[in-house]
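Following: one structure in structure tokens, then a few remarks.
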Protein chains: 2
Amino acid sequence: MKPASSPSSSSSAPRAPRRKAGTHTIHDVAALAGVSAITVSRYFNAPEKVSAAARERLKEIVDRLGYVPSQMAGGLASGRGRVVCAVMQNIASSTFADLVNGMTDELEASGLQLLLANAQYSRELEESAIRTFAGWHPSALILTRDDHTPAAEAMLHALDVPVVEAWGLVPGRPFHQVGFPHAQAGVALAEHFLAQGARRIRFVLPAADQDFRARQRAEGYAEAMRAAGLAPDIVRGEAADDFEAGARAIAVHAATARTRRAQALIFANDNMAAGAILEAPVLKLVLPNDGAIAGFGDAPVSRRLRPALTTVRPARYEIGKQAARRVLDLLGGAGAKADGPSQVLVPCELVVRDSSRLAG
Amino acid sequence: MKPASSPSSSSSAPRAPRRKAGTHTIHDVAALAGVSAITVSRYFNAPEKVSAAARERLKEIVDRLGYVPSQMAGGLASGRGRVVCAVMQNIASSTFADLVNGMTDELEASGLQLLLANAQYSRELEESAIRTFAGWHPSALILTRDDHTPAAEAMLHALDVPVVEAWGLVPGRPFHQVGFPHAQAGVALAEHFLAQGARRIRFVLPAADQDFRARQRAEGYAEAMRAAGLAPDIVRGEAADDFEAGARAIAVHAATARTRRAQALIFANDNMAAGAILEAPVLKLVLPNDGAIAGFGDAPVSRRLRPALTTVRPARYEIGKQAARRVLDLLGGAGAKADGPSQVLVPCELVVRDSSRLAG
DNA sequence: TTGTAAGCGTTATCAA
DNA sequence: TTGATAACGCTTACAA
């Protein structure tokens, strides 16, 4: 009656049943605790909705099993991954590293994972990063520029999640912002020298054109110069390496007649300024008498240079932290979109040291 | 006949049917292309298995819709997320930033996303990061230390995915490694001075005890000294800031009688060494005559210092890249676990500059 | 406070 | 080369 090996009688073939058997699932935990899966789910996502007794039992079992909920399954079921995606412009620079540090510190406790991408100052790479991130159903996005490609901007709107633009602060954007207006840093440096009576002030940009914030600072400087009735004098570095570019700029300075050359040099960043200060003795220049110097960024070495470097110190870590804070607030329901995009100013600070003291 | 508002006749209540309606799904694409969902899936994961005709049609539709596959759904269905998780010790430092850069560059093309965590030199934080990562069903893990907690090590084995320990290289580990033996960097620096005839060579550690690689380098130095019949002289910095610690160390040096003080100072990193070199003129020391100096790391500023700093240059970016490469190879099936853990040596290089030239 | 049922969007399996 | 079907492990909606 019963054919020993027939794989099917008509259509009830044994099919392809199971698959993976990797780690423990929520059901393993539930079974051991004598509760249903949803209670375990609530234990993780809303513990206050679970009785103290069940909570205790679950804690013990979860610890014993080393159970960790699957982010994949949870994200799929809920439609939102517990992920915040951030696009940096240059991960290798300490600027962005500090931003990242601030973000991770703030997000850590919330259980949100930070996903990082590096766009290397390219709008196209930023767009492609955003596209990749879209597949992760992020809870929020943090970007570090405000001039996205149209396609990127469209995706940002379609994603329909909080977007925070960190680092710069410009008016008229549809997204939340945390940072400071970079032009203002340029203004502050120019005014620092103007207030000391300088007339010939030069701004030195890096050789590479990619850091658009440096250009914004240069524009601020130019504005301040024009406001003082002076012509801006913006030059570009001559070497890809910032230290080298700074050294060359100061060499040009040394080779120019004292009465014609700039009284003060504003470098786009501290590395360039450091290159100039370190090269000066070789050129028989005594700074700041033979040329006042300022930078931007307050690198760790800046206060150690002789003369110590006057610079602008942006609150990098704090900006990262605030950007993440803003994300958490928005996810928590505060500052609903009805209020429109918010702007959080994290001011930067002019740090005056010896390098910028103008000769009598 | 049709009761306008009756919610149920007996048990056929309308239930709670749908939920989300966010973006496009694989089915939208499939429907538009007139194929089944699995064909769309193949188009992304194994394009060669899809006819050219279908491929072309799908490309057009995917582009038009801006469709991006859900990583959540894919990860859940396949049991492996397209994620490589890396635990760094200090994201803010340029060392780890370079590692990260190398990794992202290498992983980029493979469609794997790098998930980053920061353990700040703490084994406990590393363990907690690994636990968090477990929820992401990573395809592989990259770590930057080799002395994990027992719990962490257990998780690593349970995860059953490729694990690569990057940066250091030590024998006897059960995981793949990419990097160099840090002790050897200490040996190289000690021998550099020994070869010049120095007898009194001091090693200066940072004030904070957290960077265990620095200790490894110190041990290498100590070994070389003992091998030369000399007593190691290891001191610890006196300030949390590395530059400041370096400055203090050279001040102590300056205050010691010439015949008794060290002929050469090896600093645990370039920042400390830079602090010393920048402070020297203030102390009326002329380097390297009044003290030869070496560092570790080859910071960008090191070759700009006067005297230019002798240091050891690790191939940071390359190590990150090779670690990711190793991961990709392992995922691709090469170097199956049967072969046992592999070791990839990415050597570091002694960079000799003026600061280490010993006085006749 | 807890549970049941029904998917979330994709891929593995088997069949054609 | 393509497709039908059944999971993957979790959470939402609703009911008790």
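Every heavy atom of this structure was used, including side-chain atoms; hydrogens, water molecules and symmetry mates were not. So you know, we letter chains A, B, ... as the sequences are listed, proteins then strands, and number each from 1.
- Side-chain N/O atoms of A:His148 and A:Glu127 include no donor and acceptor closer than 3.5 Å.
- Remark: C1' of D:dG9 and CZ of A:Phe44 are 13 Å apart, rounded to the nearest angstrom.
- Taking 4.0 angstrom as the limit, B:Thr39 places none of its side-chain polar atoms (N or O) nearer than this to OP1 or OP2 of D:dT2.
- Among the heavy atoms of the strands, none lies under 4.0 Å from A:Gln71.
- Using a cutoff of 4.0 Å between basic side-chain nitrogens and carboxylate oxygens, A:Asp147 and A:Arg123 are scored as salt-bridged.
- The nearest heavy atom of DNA chain D to B:His137 and to B:Ala37 marks one nucleotide each, and the one closer to the 5' end goes with B:Ala37.
- Nearest to the side-chain atoms of B:Ala77 among the listed nucleotides D:dC10, D:dT11, C:dG9 stands C:dG9.
- Put simply, the side chain of B:Ser110 never gets that close to the backbone of B:Glu106: no donor and acceptor are under 3.5 Å apart.
- One finds no side-chain N or O of B:Tyr43 lying less than 4.0 angstrom from the OP1 or OP2 phosphate oxygen of C:dT11.
- Remark: A:Ser36 is in phosphate contact with C:dG3, judged by side-chain N or O atoms under 4.0 Å from OP1 or OP2.
- The distance from atom CD1 of B:Ile38 to atom P of C:dA15 is 16 Å, rounded to the nearest whole Å.
- The pair B:Arg145-B:Glu165 does not meet the salt-bridge criterion, since no charged nitrogen lies less than 4.0 angstrom from a carboxylate oxygen.
- Here the nucleotide nearest the side chain of A:Ser70, chosen from C:dG3, C:dT10, D:dC10, is D:dC10.
- When the side-chain nitrogen and oxygen atoms of A:Ser78 are compared with OP1 and OP2 of D:dC10, none of them lie within a distance under 4.0 Å.
- Between A:Glu48 atom CD and C:dT1 atom P the separation is 9 Å, expressed in whole Å.
- As judged by a 4.0 angstrom heavy-atom cut-off over every strand, A:Val40 is placed among residues making no nucleic acid contact.
- Residue A:Leu76 contributes atom CG, which lies 13 Å from atom C1' of C:dA6 at whole-angstrom precision.
- In this structure, B:Arg42 atom CZ and D:dT2 atom C1' are separated by 6 Å, rounded to whole Å.
- Rounding to whole angstrom units, CH2 of residue B:Trp136 and C1' of D:dC8 are separated by 16 Å.
- The nearest whole Å value for the distance from the CG atom in A:Asp28 to the C1' atom in D:dC10 is 13 Å.
- Residues A:His176 and A:Arg326 bring a donor and an acceptor atom of their side chains to less than 3.5 Å of each other.
- Note: NZ (B:Lys49) to P (C:dC14) measures 14 Å, nearest angstrom.
- Contact annotation: B:Ser41 side-chain N/O to C:dT11 OP1/OP2 distance is under 4.0 Å.
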